[in-house]
Amino acid sequence: MRFSKLFAPTTKEAPKDAVLPSHIYLVRGAFIAQIGSGIYNFLPLGNIVLQKIRAIVKEELDKAGCQEVLLGFVTPSELWRESGRYSKFGKELLRFRDRKENEFVLGPTHEEAMVDLVRNRVRSYKQLPLNLYQINTKFRDEARPRYGLLRGREFLMKDGYSFHESVEDMQREYALMEKTYSTILERLGLDFRVVEADSGAIGGSGSKEFMVLADNGEDDIVICKSCDYAANVEAAVAKDEFVPDDEVEMSSGDFHTPDVSSIEDLSNFFKIGKAYLVKAVAKKAIYEDREEIVIFFIRGDRELQETKAQNSVDALELEDIGDEELEKAGVPVGFIGPDIEGFKIVVDETLKDRDNLICGANRKDYHTIGYSFKDKAFDFADLSLVQAGDKCAKCGGELEIKKGIEVGHIFQLGTKYSEALNATFLDREGKAKPFVMGTYGIGVSRLVAVVIEQHHDEKGCIWSEATAPFKFDIIISNRKDSEQLAFATKLYEEMQEAGLSVILDDRDERFGYKMGDFELIGFSYAIIVGKSLKEGEVEIVKRAGLERERVPVNEVMQKIREL
RNA sequence: CGGAGUGUAGCGCAGCCUGGUUAGCGCACCUGGUUUGGGACCAGGGGGUCGAAGGUUCGAAUCCUUUCACUCCGACCA
């Protein structure tokens, strides 16, 4: 490729609203261009990178025995009604009608479509297992697209679905996919963790996320410093080392505590550790057909983890409620205790069987001391947010919290969709059984941004070997210098013939301009053909680190082959 | 979805409050010349239905109404 012919309108200025390095450099470097909210065009450079990543994903999946298919981006709504997700998926699902008033959706994920493809075509256990995937455009009408390619509405995703005759076989495939995904991310040069995850809207019995570590990540992940335990904070558990002190003795009864309602104040007021206090958090739980106030109780030294709380009451969503609304509903704000009546209650596990506690007395300005959970029949569940410094449940080591970007998610799906869509096969006994399924996703276009999020400097992109749009960038310092032009052109042709990935910057621009583009776009190496040519040398610059090395012209080809 | 903003040349912005000939600046672009190892300089030039629709007015980028788009904070989210 000659740079003079490449459609790569790089810019010196960043888009005004871009804050993340990946967003800024991908736009400035002419990889992508926004066309609508959360919708991006890929320019030649961006498309080269995207296709390279796509190819790696495909290669590893094919190696693992998966088969690529391509499903319609537009899906009849009928299928979504059948699975019950038409109403549940919410506004993220973009719906529309055709000229005949038939309803369609733009596929945000393709469980329904894939099950439909397989049902009635795979009839016997002899045809199993089967793992089908596609790398296709997805559309999710996100409430708030942002961060460039990291959270778009339209994006390229690899989604795979496997079909099995048993849970055991599905779990075998699940493990294989974990390994395959790890290989893909390793090939892309990413620092990532496989973490235990919440299964969210997709459902199923177990799932793991692939998190690329990045300071700008939107997810909090819990990582053990001593063993391999890692989990999304939504699913993380910690070992609770708190042991109540036998010395603590409380009389029982209500105590007048005017204007003392926060945990901080209570702890000071009673001169006692927060772990002896019971914290109440009220939320509004939203269900498909109703909403209700739920009160969660956790130990005073812990925070409520909202996803866990939501799962504990099986709600679609949890919303915050204002004090005013709570009071209207009869909740004694600031003085709520577990014995409150008329509301759904869930209590954190760490409070089970505890006594000598202080909690709200369910009337204004009073707290109950000496409260005991012993022999009480509450719904207990893990509701606690794991925090940095907590101890690992697996090995007792110290846990830390890091930021991550989710690039993949694998699910042990079970029969959720095969049952809903009545997709069955005949087992060894000739009985019809629903397929046991797994589902696996990788955000391909998101990976483009993630690579940069993890690999950049103050000048621009630093693509990994596997993702660089071109490996070598031959820079002609001054193309009016006929020697430079001739040598660079000859080198370019030689390298092309040798099958190397090379671009020749033959533009009539100044040296600084071309170097700037090299650094911004992030080719792996620049080969500068300039002043030093008179001394029989060229300069090779490695993008990562920007180290320079002078190489005699007759050794250039050999040197390049070694890189 | 709640809150807050912004739409003027390809990009970044000024002008609007206080209406008045021809709508301006920087970058980018075109032509010519000089330059050529860190995003050059000089001279000349092209490019706008001022987001859209309606209204007020002798006169609207500017005031009013409606609408669309985009962005930010939050809620939410492979």
Side-chain angles (χ1 to χ4, degrees), chain A residues 9-19 23 27-28 30 33-39 89-93 107-111 136 138-148 150-160 197-204 207-211 218-219 232 234 283-284 286 306-307 310 316-322 405-411 439-447 459-460 475-481 484-485 507-520 526 528-534 538-539 541 546 548 550:
Chain A
T10 57
T11 58
K12 226 189 301 189
E13 283 181 44
K16 63 173 173 178
D17 34 41
V19 277
H23 190 185
V27 172
R28 282 193 50 210
Q34 183 174 5
I35 186 176
S37 176
I39 307 174
F89 212 87
K91 292 190 175 164
E92 274 187 42
L93 186 64
T109 172
H110 285 160
E111 281 78 12
N136 200 0
K138 300 282 177 290
F139 194 92
R140 294 185 188 177
D141 200 358
E142 293 274 353
R144 192 165 167 222
R146 61 186 125 176
Y147 304 142
L150 285 179
R151 180 159 302 286
R153 292 195 293 172
E154 184 182 286
F155 53 97
L156 190 68
M157 171 173 163
K158 174 265 158 176
D159 49 323
D198 174 59
S199 295
I202 306 281
S207 79
K208 288 184 180 176
E209 287 167 333
F210 293 77
M211 290 283 185
E218 293 188 85
D219 290 291
N232 189 310
E234 294 174 350
K283 296 274 177 186
K284 190 190 286 177
I286 312 290
E306 204 152 309
T307 304
Q310 181 180 321
L316 290 179
E317 225 176 280
L318 283 189
E319 276 181 8
D320 291 341
I321 338 176
I405 301 169
E406 181 187 352
V407 295
H409 201 160
I410 58 177
F411 296 82
T439 180
Y440 322 94
I442 292 185
V444 179
S445 52
R446 180 180 278 186
L447 278 170
K459 294 191 166 171
I475 295 177
I476 306 173
S477 179
N478 179 3
R479 56 169 267 161
K480 299 250 164 75
D481 180 322
Q484 290 181 17
L485 182 63
R507 294 175 297 174
D508 189 12
E509 297 287 353
R510 297 169 72 90
F511 176 74
Y513 185 90
K514 298 184 191 181
M515 274 306 278
D517 270 358
F518 159 66
E519 287 155 348
L520 175 61
I528 302 171
V529 178
K531 280 185 170 162
S532 60
L533 191 64
K534 293 225 181 316
V538 298
E539 236 175 318
V541 185
L546 295 173
R548 294 168 178 236
R550 286 175 74 133

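Quick note: numbers below take in every heavy atom, side chains included, and nothing from hydrogens, waters or symmetry partners. Below, read A as the first sequence line, B as the second, and so on, with proteins coming before strands; counting in each chain starts at 1.
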Assigned partner base of [N], Watson-Crick or wobble definition, under 3.5 Å:
| N | value |
| --- | --- |
| B/U62 | none |
| B/C41 | B/G33 |
| B/U49 | none |
| B/U6 | B/A69 |
| B/G74 | B/C1 |
| B/C11 | B/G26 |

Rounding to an integer number of Å, can you tell me how far [X] [atom1] sits from [N] [atom2]?
| X | N | atom1 | atom2 | result |
| --- | --- | --- | --- | --- |
| A/Gln34 | B/C72 | CD | P | 9 Å |
| A/Arg446 | B/A78 | CZ | P | 9 Å |
| A/Glu218 | B/A78 | CD | P | 11 Å |
| A/Glu142 | B/C70 | CD | P | 14 Å |
| A/His23 | B/U71 | NE2 | C1' | 11 Å |
| A/Ile475 | B/G37 | CD1 | C1' | 10 Å |
| A/Asp141 | B/A78 | CG | P | 15 Å |
| A/Asp198 | B/A78 | CG | C1' | 12 Å |

- Message: Assess, by modelled atom type and distance only, whether the side chains of A/Glu111 and A/Thr109 contain a donor and an acceptor separated by less than 3.5 Å.
- Response: yes
- For A/Asp198 and A/Thr307, does a side-chain donor sit closer than 3.5 Å to a side-chain acceptor? no
Between [options], which nucleotide has the shortest distance from any of its atoms to the side chain of [X]?
| X | options | answer |
| --- | --- | --- |
| A/Arg153 | B/C70, B/A78, B/G37 | B/C70 |
| A/Lys531 | B/G37, B/G39, B/C76 | B/G37 |
| A/Met157 | B/A78, B/C70, B/G39 | B/A78 |
| A/Ser37 | B/G39, B/G37, B/U71 | B/U71 |
| A/Glu406 | B/G37, B/A78, B/C76 | B/A78 |
| A/Arg146 | B/G74, B/G39, B/A78 | B/G74 |
| A/Lys480 | B/C76, B/U36, B/G39 | B/U36 |
| A/Ile528 | B/G37, B/C77, B/C76 | B/G37 |

When we call it a touch if two heavy atoms are under 4.0 Å apart, what does [X] touch: a base, just sugar-phosphate, or nothing?
| X | answer |
| --- | --- |
| A/Arg507 | nothing |
| A/Glu519 | base |
| A/Gly441 | nothing |
| A/Asp517 | base |
| A/Lys91 | sugar-phosphate |

Under 3.5 Å, side chain of [X] to main-chain N/O of [Y], donor-acceptor pair present?
| X | Y | value |
| --- | --- | --- |
| A/Arg479 | A/Asp508 | no |
| A/Thr439 | A/Gly160 | yes |
| A/Ser445 | A/Leu156 | yes |

- Message: Need to verify one output field. Residue with the more 5' nearest nucleotide on RNA chain B, A/Ser532 or A/Glu13?
- Response: A/Glu13
- Message: Nearest heavy atom decides the nucleotide; on that basis, is A/Asp219 or A/Val529 closer to the 5' end of RNA chain B?
- Response: A/Val529
- N or O in side chain of A/Arg144 less than 4.0 angstrom from B/C72 OP1/OP2: yes
- Message: Measuring to OP1 and OP2 of B/G10, would you say a side-chain N or O of A/Thr11 lies under 4.0 angstrom away?
- Response: no
Using the [atom1] atom as the reference point in each nucleotide, state the distance between [N] and [M] in Å, no decimals.
| N | M | atom1 | value |
| --- | --- | --- | --- |
| B/A61 | B/G51 | P | 10 Å |
| B/U71 | B/G55 | C1' | 29 Å |
| B/C27 | B/C70 | P | 31 Å |
| B/C77 | B/G12 | C1' | 32 Å |
| B/A28 | B/G10 | P | 16 Å |
| B/C25 | B/G48 | C1' | 15 Å |
| B/G24 | B/C73 | P | 36 Å |
| B/U56 | B/U65 | P | 15 Å |

- Residues A/Arg153 and A/Glu92 bridged, charged N to O under 4.0 Å: no
- Message: I'd like to know if A/Glu142 pairs up with A/Arg151 as an ion pair, taking the criterion as any Lys NZ or Arg NE/NH1/NH2 lying under 4.0 Å from an Asp or Glu carboxylate oxygen.
- Response: yes
- Item | For A/Ile475, the option from A/Met515, A/Arg507, A/Glu509 that meets side chain to side chain contact (heavy atoms under 4.5 Å, CB included) | A/Met515
Can a donor-acceptor pair under 3.5 Å be found between the side-chain atoms of [X] and the base atoms of [N]?
| X | N | value |
| --- | --- | --- |
| A/Glu539 | B/G37 | yes |
| A/Arg151 | B/C77 | yes |
| A/Arg510 | B/U35 | yes |

- Query: Can A/Phe511 be said to stack with the base of B/G37, given centres closer than 5.5 angstrom and planes under 30 degrees apart?
  - Reply: yes
- Student check: side-chain heavy atoms of A/Leu546 and A/Glu519 closer than 4.5 Å: yes
